[in-house]
Amino acid sequence: MADEVGVPRDRKILVAVDESEESMHALSWCLENVLFCGDYKDTLILLYAIPPRAVYPTLDNTGYVFSSDFLAMMLKYNKDAADFVVQKAKRMCKEQARVVKVETRIEHGDPRDVICEMAEKLHVDVVVMGSHGYGLIKRAFLGSVSNHCVQNVKCPVLVVKRPRPDDYRSK
């Protein structure tokens, strides 16, 4: 990215992370292939979206009411999972990148919406995300976060697919 006179400018790169190996592969790929070295000062923004909690009925199948302790435990679990993933991603950045400024964001909401909103709000230059590689049927039922972002984010979106084991044998 360069300004009007061709001088390279600092970039903001948003990387969506979650518990999957695909997102960690996308982060690793980004660290190796997207970040500049030298005089550039890229900022890597690690984004984790805590999905909205399921709507729990007040009664379970046996007629018992869910306690507030149970709901609090579910919220704590989601926060702990987010913290774990973000710390793992930060360690990977420290181990793999020479020098890069890393910021982290943990947001609540549907990952599709969160990624799109944060990309716009933070004025990022590129979004990097992994692809789970769902087949046609799963994608039809679950939707594709990467496809949604490609269609709705206003900056470039780089979807990194994890190589399959048989891809290495063909080389």
Side-chain angles (χ1 to χ4, degrees), residues 1-4 8-36 40-56 71-94 96-97 99-162:
M1 308 284 164
D3 62 14
E4 303 83 42
R9 65 179 179 87
D10 303 340
R11 299 179 304 168
K12 288 185 181 179
I13 301 164
L14 184 133
V15 180
V17 294
D18 62 18
E19 295 85 358
S20 71
E21 290 180 31
E22 289 82 5
S23 81
M24 289 300 132
H25 174 74
L27 173 59
S28 178
W29 193 92
C30 176
L31 292 168
E32 291 175 13
N33 297 288
V34 177
L35 293 177
F36 288 135
Y40 300 97
K41 291 180 178 61
D42 290 337
T43 299
L44 195 62
I45 303 167
L46 303 172
L47 174 65
Y48 183 96
I50 296 176
R53 68 182 173 103
V55 177
Y56 299 107
L71 297 176
M73 181 185 69
M74 293 300 292
L75 291 173
K76 182 178 179 342
Y77 172 80
N78 287 339
K79 184 182 178 332
D80 289 348
D83 290 340
F84 177 79
V85 169
V86 167
Q87 290 307 315
K88 179 180 176 182
K90 284 173 70 174
R91 269 193 314 276
M92 183 182 289
C93 292
K94 190 177 279 187
Q96 206 171 329
V99 177
V100 63
K101 180 180 175 187
V102 177
E103 296 177 5
T104 60
R105 301 289 300 241
I106 297 175
E107 301 291 334
H108 292 267
D110 185 316
R112 288 175 261 242
D113 300 328
V114 169
I115 294 167
C116 294
E117 289 167 9
M118 287 294 104
E120 188 166 338
K121 179 180 177 181
L122 300 174
H123 306 289
V124 300
D125 296 292
V126 65
V127 173
V128 178
M129 58 194 322
S131 172
H132 288 270
Y134 293 140
L136 184 61
I137 304 298
K138 268 191 177 175
R139 199 168 46 247
F141 284 106
L142 300 175
S144 168
V145 174
S146 57
N147 186 54
H148 179 84
C149 292
V150 165
Q151 299 299 320
N152 294 287
V153 171
K154 293 179 174 83
C155 67
V157 177
L158 179 60
V159 180
V160 179
K161 292 177 79 173
R162 205 168 124 216

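The model shown is predicted, which means the values in this text are computed figures rather than measured ones. Only heavy atoms go into these numbers, but all of them, side chains included; no hydrogens, no water, no symmetry mates.
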Please list, chain by chain and in numerical order, all residues satisfying side chain to side chain donor-acceptor pair (under 3.5 Å) with [X], sequence neighbours excluded.
X: Lys76; value: Asp80
X: Thr43; value: none
X: Asp113; value: none
X: Thr104; value: none

Q) For residues 100-109, which residue pairs qualify under salt bridge (Lys or Arg N to Asp or Glu O under 4.0 Å), counting only residues two or more places apart or in two chains? A)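 Qualifying pairs: Lys101-Glu103, Arg105-Glu107.
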Restricting to non-hydrogen atoms, name the atom on [X] and the atom on [Y] that form the minimum distance, rounded to 0.1 Å.
X: Ser20; Y: Ser23; result: OG-N, 3.1 Å
X: Ala26; Y: Gly130; result: CB-N, 3.5 Å
X: Val85; Y: Asp18; result: CG1-O, 3.4 Å

Mind checking the [atom1]-[atom2] spacing from [X] to [Y]? Nearest 0.5 Å is all I need.
X: Ser144; Y: Gln151; atom1: OG; atom2: CD; value: 9.5 Å
X: Lys161; Y: His25; atom1: NZ; atom2: NE2; value: 11.0 Å
X: His123; Y: Met118; atom1: NE2; atom2: CE; value: 10.5 Å
X: Leu158; Y: Ser131; atom1: CG; atom2: OG; value: 11.5 Å

Output all residues satisfying salt bridge (charged side-chain N to carboxylate O under 4.0 Å, His left out) with [X], sequence neighbours left out; order by chain, then residue number.
X: Lys90; result: none
X: Glu19; result: none
X: Asp110; result: Arg112

Contact check, side chains of [X] and [Y], non-hydrogen atoms, under 4.5 Å:
X: Met129; Y: Val160; value: no
X: Tyr48; Y: Asp83; value: no
X: Ile13; Y: Cys30; value: yes
X: Ile115; Y: Asn152; value: no
X: Ser146; Y: Cys149; value: no
X: Ile45; Y: Val15; value: no

| request: Please lay out, stage by stage, how Asp125 and Lys12 fare under the test salt bridge (charged side-chain N to carboxylate O under 4.0 Å, His left out). | output: CA-CA 5 Å; Asp125 296 292; Lys12 288 185 181 179; over 6 Å; no
Before you tell me yes or no, could you show the steps for Val128 and Leu14 under side chain to side chain contact (heavy atoms under 4.5 Å, CB included), namely the whole-Å CA-CA distance, both residues' side-chain angles and the distance that decides it to 0.1 Å? CA-CA 6 Å; Val128 178; Leu14 184 133; over 6 Å; no
Margin query: The criterion is side chain to side chain contact (heavy atoms under 4.5 Å, CB included); which residues satisfy it with Ala89, sequence neighbours excluded?
Written below: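 Side chain to side chain contact (heavy atoms under 4.5 Å, CB included) list for Ala89, sorted by chain: Val17, Met24, Leu27, Leu46.
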| said: Using modelled atom types and a 3.5 Å cut-off, is there a donor and acceptor pairing between side-chain atoms of Gln96 and backbone atoms of Ser28? | reply: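 Yes, Gln96 side chain to Ser28 backbone: donor-acceptor pair under 3.5 Å.
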For this session: Report the C-alpha distance between Met92 and Leu31 in whole Å, list the side-chain angles of each, state the deciding distance to 0.1 Å, and finish with yes or no for side chain to side chain contact (heavy atoms under 4.5 Å, CB included).
Result: CA-CA 9 Å; Met92 183 182 289; Leu31 292 168; 4.1 Å; yes
